[in-house]
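One structure below.
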Number of protein chains: 2
Amino acid sequence: MNAPQLTKNQALVFEVLEKADGPLSAYTILDKLRDHGFRAPLQVYRALEKLLEYGVVHRLESINSFVVCAHPNENCHSHGTVAFAICESCGHVMEFHDHEVDHRLMDWTRGKKFKAEKTTIEIRGLCETCAA
Amino acid sequence: MNAPQLTKNQALVFEVLEKADGPLSAYTILDKLRDHGFRAPLQVYRALEKLLEYGVVHRLESINSFVVCAHPNENCHSHGTVAFAICESCGHVMEFHDHEVDHRLMDWTRGKKFKAEKTTIEIRGLCETCAA
DNA sequence: TCAATTGCGTAATGCTATAACGTGTGCGAT
DNA sequence: ATCGCACACGTTATAGCATTACGCAATTGA
């Protein structure tokens, strides 16, 4: 799924996330866009839904937040499962991919005949700076 | 962290989860315990907090639900990271552990000097039965 | 005895997400 | 051309998840 031209709302939401240098909740995004005419959560959620679909934004399940994909131009969906390390102190997020992990998880699902649709890997803790 | 004697509320919540054969949300648990005098979400959340701490219950971040640990008597916290496969059709959850995955993620965090506190691995999809 | 800890109960609130309705616009098929 | 469809959008209301703040009671241990 590649990203077509974004609509106005999608572009606004994306821009806010891009500038944020950290994950944002839908309601935080909403607040940042009130000046641009946003009035309801649904406007944000609808835009996010598409951005997630296009693979340019990721959702962090463990903190109910959203973050731009670390791979600006490539299609993130082709990298296999995305993993995140989330600093609980500064909020910074590192995105990475590990094919060996993917492979192990795929082996397991295959063994169980489980049809995986979406895999979440999120490590919460402290980044180097904050742990020091 | 091993589980001491559970308090009344903790035992009630645990029992409900144990009988459930699938993950339950905190509010579902609350509803099931109204007859036993539960009246507020906090009663459930407080019990869950302890049960999570004792390692006898897990939280599924991606579906905001809770499930009993698949290892009745051992201390789950000693198995390394827990992974879950969650069927989006029937709601059934399989818990598993993969040391190789743990190892790969630990390698990554060590390389980044990231101090991991809690790792979430959740695979959503369809179980063998539901996929057929 | 006093202070600290822990569990509990209640009320209120806050945060996250979706349902249900209707509007307008672009576009292809007839 | 116009009808039907898909899609984005706007608004209101509601559902679902989680925590804050307050106070009380029992337990423990200095």
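Every chain is numbered from 1, with letters handed out A, B, ... down the list of sequences.
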Checklist entry - Does the salt bridge (charged side-chain N to carboxylate O under 4.0 Å, His left out) test come out yes or no for B/Asp107 and B/Arg104, once each step is laid out? => result CA-CA 5 Å; B/Asp107 278 358; B/Arg104 294 288 296 185; 5.3 Å; no

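At least one side-chain heavy atom of B/Ile123 sits under 4.5 Å from a side-chain heavy atom of A/Thr109.
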Item to check | Contact letters for nucleotides 4-17 of chain C, in which S counts primed atoms plus P, OP1 and OP2 and B counts the base, heavy atoms under 4.0 Å | outcome: ---SBBB-----BB

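Between A/His58 and A/Phe66, the distance separating the two ring centers is not shorter than 6.0 angstrom. A distance below 6.0 Å separates the ring centres of A/His71 and A/His97.
Closest approach of B/Gly125 and A/Glu117 over heavy atoms only: CA-CG, 3.5 Å.
The span of DNA chain D lying next to chain A, judged by atoms under 4.0 Å from heavy atoms, is bounded 5' to 3' by D/dA8 to D/dT12.
Linking Ile, Leu, Val, Met, Phe, Trp and Tyr whenever their side-chain heavy atoms come within less than 4.5 Å leaves B/Leu60 and A/Leu105 in two separate clusters.
Within the structure, the ring pair (Phe, Tyr, Trp, His ring centres under 6.0 Å) test picks out the following pairs touching residues 106-125 of chain A (sequence neighbours left out): A/Trp108-B/Phe96.
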